[in-house]
Amino acid sequence: MYTKSLNAAPEARPDLEDAEQTARFLERVDAEERIEPNDFMPAAYRRTLARQISQHAHSEIIGMQPEGNWITRAPSLRRKAALLAKVQDECGHGLYLYAAAETLGIAREEFVEQLLSGRAKYSSIFNYPTMTWADIGAIGWLVDGAAIMNQIPLCRCSYGPYARAMIRVCKEESFHQRQGYEIMMTLARGSAEQKAMAQDALNRWWWPSLMMFGPPDGQSTHSDMSTRWKIKRFSNDDLRRKFVDATVPQATYLGLTLPDPDLRFDPETGHWAHGAIDWEEFRNVIAGNGPCNADRLARRRETHESGAWVREAAAAHAARQKARRAA
Ligand code: FAQ
């Protein structure tokens, strides 16, 4: 079965946390030093990282489902090969992230159990259905685009294992974003029917993509502390604004229309201002009531169960290798 990471940090002992250690920790964070698994860290910092990194890992794993749905129906061999590689990359991202989260002293089984029992969150975006091939283009362009905007600053996160995992993840996400944009470009320049399909996918994915950045600044529970600890470098709204600024010209180039009648360029701020986001929908989706939440979790549980023999075989193989080395 899963093994606990060898370099897992010792368990948090808040009773041993003294003011001096905490002050030294904050000095190190301020000096842009990386915090590593065996270094002192306040229990709340450890908890925040375990929550965010495991949610991120779950998102990558659940995120394979909406696109995996189109592997057998990709319109050409080239598209199928690229989509297969992309979905496989997302799986790899989930594995690096679980490994990074395990260095906080929590076993992978525990994270997996939190996901399968429905106690853990994963990104709201993966609870929407992929109804046409254009959705695969829209996910690559918008969802991976939003993920990159959010994750580039995480390459400078104060926690070493998370920051290092993010460097590779971001390189791969850039390729994903380009493959999605290329699908959208092909459709937008194709027949009237293909262009309409691209527009329809954009209409359905635009608002959920903006929600990926999390609740607005005044309502974000964790932002203040995460910013103090240099886990987060920008607020949810700042990253959302950067994403909108980057995406508006891309939509114009495609000849598609963003589904927001209130979208306008504000010369005073130099940014695009978007219309109101439906936060009720967001809360509903993260509470488990989105269009695909139940399906996504049911599929994950099924796959986990049917993969039990692989975990058992891997554990038996590892035990045998260990016994051989010891002999
Ligand atoms: N969905 O106080 P904040 C990808 C929760 S990977 C669900 O602002 P925080 C690659 C939040 O957890 C996409 N829940 O929280 C790919 C908290 O709940 P809690 C995932 C959300 O952590 C592409 C509560 O609301 N990326 O796309 C969402 O400071 C294509 C209050 O929020 C990451 O995870 C949401 N959208 O900021 C894969 C990036 N937003 O825990 C396949 C790393 C917020 O108190 C195909 N994570 N919540 O119960 C982050 O940067 C942060 O965790 C945020 C949220 C920005 C997501």
Side-chain angles (χ1 to χ4, degrees), residues 44 47-70 83 85-94 96-97 100-101 114-115 118-128 130 135-155 157 159 162-163 165-166 169-170 172-177 179-180 205 207-229 231-240 243 277 279 281-290 293 296:
R47 269 197 309 276
T48 284
L49 282 168
R51 175 190 61 82
Q52 176 168 329
I53 303 173
S54 63
Q55 285 176 359
H56 194 164
H58 302 326
S59 305
E60 302 279 359
I61 297 299
I62 296 279
M64 290 192 285
Q65 292 187 34
E67 290 174 291
N69 182 32
W70 278 89
L83 184 58
K86 179 185 193 293
V87 172
Q88 222 165 2
D89 286 350
E90 308 301 359
C91 181
H93 299 172
Y96 316 146
L97 287 164
Q114 288 171 2
L115 173 67
R119 282 185 296 130
K121 288 195 170 71
Y122 58 86
S123 184
S124 49
I125 193 77
F126 302 117
N127 292 306
Y128 292 86
T130 39
D135 289 18
I136 302 306
I139 290 182
W141 173 33
L142 301 174
V143 176
D144 286 278
I148 293 167
M149 203 53 93
N150 168 272
Q151 289 169 194
I152 294 273
L154 290 174
C155 299
C157 164
Y159 189 56
Y162 193 25
M166 278 300 108
V169 168
C170 285
E172 293 177 352
E173 299 292 21
S174 306
F175 156 73
H176 299 167
Q177 198 269 354
Q179 72 86 41
W205 288 92
W207 292 106
S209 298
L210 296 191
M211 292 175 197
M212 281 178 74
F213 295 92
D217 288 353
Q219 292 167 34
S220 164
T221 327
H222 304 289
S223 278
D224 288 350
M225 281 320 293
S226 292
T227 305
R228 173 66 192 95
W229 288 325
I231 296 171
K232 273 182 159 176
R233 300 279 174 163
F234 297 96
S235 76
N236 297 354
D237 283 339
D238 282 347
L239 288 173
R240 195 168 6 249
F243 173 71
I277 295 175
W279 290 114
E281 174 181 325
F282 172 75
R283 281 189 289 273
N284 206 29
V285 172
I286 64 172
N289 306 317
N293 295 59
R296 300 290 187 236

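As the structure lists them, so they are numbered: ligands from 1, and atoms in each ligand from 1.
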So, does [X] use its side chain to make a donor-acceptor pair with the main chain of [Y] at under 3.5 Å?
X      : Y      : answer
Asn293 : Gly290 : yes
Thr130 : Asp135 : no
Arg233 : Pro153 : no

Sub-3.5 Å N/O-N/O distance, [X] and ligand 1:
X      : answer
Asn236 : yes
Thr221 : yes
Met212 : yes
Ser226 : no
Lys121 : yes

Requested in this report: Would you indicate whether the side-chain heavy atoms of Asp89 and His176 approach each other to under 4.5 Å?
Outcome: yes
Report task. Could you tell me whether the side chain of Tyr122 reaches within less than 4.5 Å of the side chain of Arg296, counting heavy atoms only? Result -> yes
Requested in this report: Distance to 0.1 Å, residue and atom name: give those for the protein heavy atom nearest to atom 48 (N) of ligand 1.
Outcome: Phe282 CZ, 4.1 Å
Requested in this report: Kindly state if atom 31 (C) of ligand 1 has a protein heavy atom within a strict 4.0 Å cut-off, that is, under 4.0 Å?
Outcome: yes
Requested in this report: Counting heavy atoms only, name the option from His222, Lys232, Met211 that's nearest to atom 45 (O) of ligand 1.
Outcome: His222
Query raised in the report: Short list, please: which atoms of ligand 1 are under 4.0 Å from a heavy atom of Lys86?
Result: 30 (C), 46 (C)
